[in-house]
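In what follows, every heavy atom counts, from backbone to side chain, and hydrogens, waters and symmetry copies are set aside.
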Amino acid sequence: QVQLVESGGGLAQAGGSLSLSCAASGRTFSTYTMAWFRQAPGKEREFVAAVSWIGGNPYYADSVKGRFTISRDNVKNTLYLQMNSLKPDDSAVYYCAARLSPASTPQEHLYDYWGQGTQVTVSS
């Protein structure tokens with residue numbers, strides 16, 4: 001079992017930045033591929049970014065490529081998402097997810113564990 005707790009959400013202005021964290025506990029964090037997803041009101045949950053268990057090959061949705069950076073610290077058992085040049089369309093609940101596989105994937109159903117989410121609101 002893995003428990004995931006997100007933090008760092010809040011309110012930002014368009015063009016601003018926010019940083020999210022996801023603290024993991026339970027099984028060995030370093031063996032999991034980790035990802036961020038988000039869900040805006042009235043919309044399906046969508047993939048944002050993923051990073052493999054060794055921290056390489058970060059994978060991004062086209063909508064955030066060049067603006068968001070995913071990273072992980074396997075010593076601190078923490079996943080991060082640095083969000084820059086924020087847009088109102090980035091407003092959503094952001095979820096941290098984990099899967100016991102070395103392969104990054106944007107497919108939501110392949111992730112085994114989920115956090116409760118943290119709200120990000122970007123004003124225009």
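- Under a hydrophobic-cluster definition in which Ile, Leu, Val, Met, Phe, Trp and Tyr are linked whenever side-chain heavy atoms come within less than 4.5 Å, directly or via other members, Leu81 and Phe47 are assigned to different clusters.
- Gln116 CD: 12 or fewer foreign heavy atoms inside a 6.0 Å radius.
- In terms of modelled atom types and a separation under 3.5 Å, the side chain of Thr121 and the main chain of Leu11 share no donor-acceptor contact.
- Here Ser19 contributes atom OG and Met83 contributes atom CE; the two are 7.5 Å apart, rounded to the nearest 0.5 Å.
- A distance of 4.0 Å separates CZ in Arg45 from CH2 in Trp114, rounded to the nearest 0.5 Å.
- Applying the 6.0 Å contact sphere to CD of Gln82 captures more than 12 heavy atoms from other residues, nucleotides or ligands.
- The nearest pair of heavy atoms linking Leu86 to Ala12 is CD1-CB, 3.8 Å.
- The side chain to side chain contact (heavy atoms under 4.5 Å, CB included) test with Val48 is passed by exactly one of Tyr94, Tyr95, Tyr59: Tyr94.
- Listed here is the closest heavy atom pair of Val2 and Ala24: CG1-CB, 4.5 Å.
- Smallest separation of non-hydrogen atoms from Asn74 and Asn77: O-OD1, 3.2 Å.
- Note that CZ of Arg38 is 14.0 Å distant from OG1 of Thr118, once rounded to the nearest 0.5 Å.
- Once rounded to the nearest 0.5 Å, the distance linking CE of Met34 with OH of Tyr111 reads 9.0 Å.
- Gln39 places no side-chain N or O within 3.5 Å of a backbone atom of Ala92 that could act as its donor or acceptor partner.
- Closest heavy-atom contact between Thr78 and Lys76: OG1-O, 2.9 Å.
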Q: Determine, stepwise, if the pair Val51 / Leu79 fulfils side-chain contact (heavy atoms from CB on, under 4.5 Å).
A: CA-CA 9 Å; Val51 62; Leu79 176 73; 3.8 Å; yes
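- Leu100 is connected to Trp36 through a chain of hydrophobic side-chain contacts under 4.5 Å among Ile, Leu, Val, Met, Phe, Trp and Tyr, so both are in one cluster.
- Taking every heavy atom of both residues into account, Ser17 and Ser85 meet most closely at OG-N, 4.5 Å.
- A donor-acceptor pair is defined here as one N or O able to donate and one able to accept, closer than 3.5 Å; such a pair exists between the side chain of Glu6 and the backbone of Gly117.
- Under the 4.5 Å side-chain heavy-atom criterion for Ile, Leu, Val, Met, Phe, Trp and Tyr, Phe37 and Leu18 are members of distinct hydrophobic clusters.
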Q.
Set out, in order, the CA-CA distance, both residues' side-chain angles and the distance that settles side-chain contact (heavy atoms from CB on, under 4.5 Å) for Arg67 and Asp90, then state yes or no.
A. CA-CA 11 Å; Arg67 300 187 299 121; Asp90 295 320; 2.7 Å; yes
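- Under the 3.5 Å distance criterion, the side-chain polar atoms of Arg72 are matched with a main-chain donor or acceptor of Ser52.
- Listed for the Tyr80 side chain is no donor-acceptor partner under 3.5 Å among the backbone atoms of Thr69.
- With values rounded to the nearest 0.5 angstrom, Ser104 atom OG is found 8.5 Å from Arg99 atom CZ.
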